[in-house]
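All values below come from the heavy atoms of this structure, side chains included, with hydrogens, waters and symmetry mates left out.
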Amino acid sequence: MKDKDKEIPENQDDDDKVHVDKSVFQTAKDIQQTKQAELEAQELEMQRQLEEREKKRREAYDRKILEEKKELLRLKQGTIEESEVIHEEAPEIVKLSPWNRFKNFIYHNKWWLWLAAFFVAVAIYLIYDLAAKEKPDIIILVLNQNDSIGYSDSLSEYVEQFSEDFNDNGEVLASVYYIPYTENTNSNYANGVDTKLTVELQSADSMIIIADSLITNIMDTDETLVNLEELFPDNPNVEGCFYWLKDSNFAERLGLSEDDISDDMFLAFRIPQTLMYADEEDMQETYDKDFPVFEKIIEDLSK
């Protein structure tokens, strides 16, 4: 019986093996949990230390700022003359070579240099154009939209018949300055009409004007134009400041059609006065030179 009692059941080894396997698994799991807990504890400690260091850094910085404020207050109040807390740090002086200084100047001032270069180029062009441009003996301003007159050579050729070589260059030259003034402000702006009118009407270079009634919108004719009735009292085409061109020989003299001359187109002469770009003496000099030519034109057109 004792021997039988001591006999090991057939499944005894399997039961023990299962029990052992569970113990190994549980042990590994416990080890893993322990390691994980240790890692978490280490991370928490590192985070705590970082937070502690950051806190100390902020506190030190706050104390520094507070001390500097107190020191500044003492300096302003005159309690102390020099601070041992606040130190001015002299900027480090970087020595550059001449070439690097030049490049640095160009880099920091490039837009101003481009702008200056543009204006210098424009000035050089204007000076060259003025020097190279042949100076006319007389100038006629055409201030309307009549292209057949403004862009024609016939007007300048006609006026040259009555002009003289005032600038002593060996030839007689009459120039027509055509400014197509309209009531359309956008068109005037696009063609630079306002600027051209200002330049010409505020200078003493031209005295003879051919225009129409639109010009009275921007010009006080009684103040700026000569009263022709006083100078040509018996001329049927003269009315106030205007010499009306419609019933004159103007179209015939220029080789134009009568339809090219509107009913309100006139010839006029400017009064000498002080202007934006010239004084009265300059304008009077041009007046004395141009008026005899104007008289000859009136006489010819009235035949």
Q. Relative to each other, are the rings of Phe291 and Tyr287 parallel, tilted or perpendicular (30° and 60° limits)?
A. parallel

Q) Relative to each other, are the rings of Phe242 and Phe266 parallel, tilted or perpendicular (30° and 60° limits)? A) tilted

Side-chain heavy-atom pair [X], [Y] within 4.5 angstrom cut-off:
X      : Y      : value
Thr224 : Arg270 : no
Leu267 : Ile298 : yes
Leu225 : Met219 : yes
Ser156 : Ile140 : no
Val226 : Phe294 : no
Asp137 : Val293 : no
Leu214 : Asn144 : no
Trp244 : Asn235 : no

Pair [X] + [Y], salt bridge at N-O below 4.0 Å:
X      : Y      : answer
Glu285 : Lys289 : no
Lys56  : Glu59  : no
Lys55  : Glu52  : no

Is the backbone of [Y] close enough, under 3.5 Å, to the side chain of [X] for a donor and an acceptor to pair up by distance?
X      : Y      : result
Ser203 : Val199 : yes
Gln202 : Tyr277 : no
Lys296 : Val159 : no

What's the shortest heavy-atom distance between [X] and [Y], and which atoms?
X      : Y      : value
Tyr177 : Pro136 : OH-CG, 4.4 Å
Ala204 : Thr286 : O-OG1, 2.6 Å
Met265 : Ile149 : SD-CD1, 3.6 Å
Lys303 : Glu299 : CG-O, 3.4 Å
Gly240 : Asn227 : O-OD1, 3.3 Å
Asp165 : Gly170 : OD2-N, 2.8 Å

If you round to the nearest 0.5 Å, how far is [atom2] of [Y] from [atom1] of [X]?
X      : Y      : atom1 : atom2 : answer
Ser257 : Glu252 : OG    : CD    : 12.0 Å
Glu258 : Leu256 : CD    : CG    : 9.5 Å
Ile297 : Gln161 : CD1   : CD    : 9.5 Å
Ile138 : Asp205 : CD1   : CG    : 12.0 Å
Asp263 : Asp247 : CG    : CG    : 8.0 Å
Leu228 : Glu295 : CG    : CD    : 10.5 Å

Q: Start with the C-alpha distance between Leu245 and Ile210, add both sets of side-chain angles, then the distance that settles side-chain contact (heavy atoms from CB on, under 4.5 Å), and finish with yes or no.
A: CA-CA 9 Å; Leu245 295 173; Ile210 296 176; 4.1 Å; yes

Q: Evaluate side-chain contact (heavy atoms from CB on, under 4.5 Å) for Phe269 paired with Asp290, printing each intermediate quantity in order.
A: CA-CA 9 Å; Phe269 203 85; Asp290 289 1; 3.9 Å; yes

Exercise: do [X] and [Y] side chains pair donor with acceptor under 3.5 Å:
X      : Y      : result
Gln47  : Glu51  : yes
Gln42  : Glu38  : no
Asp300 : Tyr158 : yes

Can you get from [X] to [Y] by hopping between Ile, Leu, Val, Met, Phe, Trp and Tyr side chains that sit under 4.5 Å apart?
X      : Y      : answer
Leu143 : Met276 : no
Phe118 : Trp112 : yes
Met207 : Val142 : yes
Ile209 : Met283 : no
Ile139 : Ile215 : yes

Q.
Quick one, Lys135 with Asn169, criterion side-chain contact (heavy atoms from CB on, under 4.5 Å). Give me CA distance, side-chain angles, the key distance, then yes/no.
A. CA-CA 9 Å; Lys135 187 175 180 180; Asn169 65 349; over 6 Å; no

Q.
Using side-chain contact (heavy atoms from CB on, under 4.5 Å), reason through Phe250 and Asp260 one step at a time and then give a plain yes or no.
A. CA-CA 10 Å; Phe250 188 68; Asp260 292 327; over 6 Å; no

Q. Is the number of heavy atoms from other residues, nucleotides or ligands within 6.0 Å of CD (Glu281) greater than 12?
A. no

Q: In sequence, state the C-alpha distance, the side-chain angles, and the governing distance for Tyr178 and Asp147, and then conclude on side-chain hydrogen bond (donor to acceptor under 3.5 Å, both in side chains).
A: CA-CA 9 Å; Tyr178 178 43; Asp147 295 348; 2.6 Å; yes

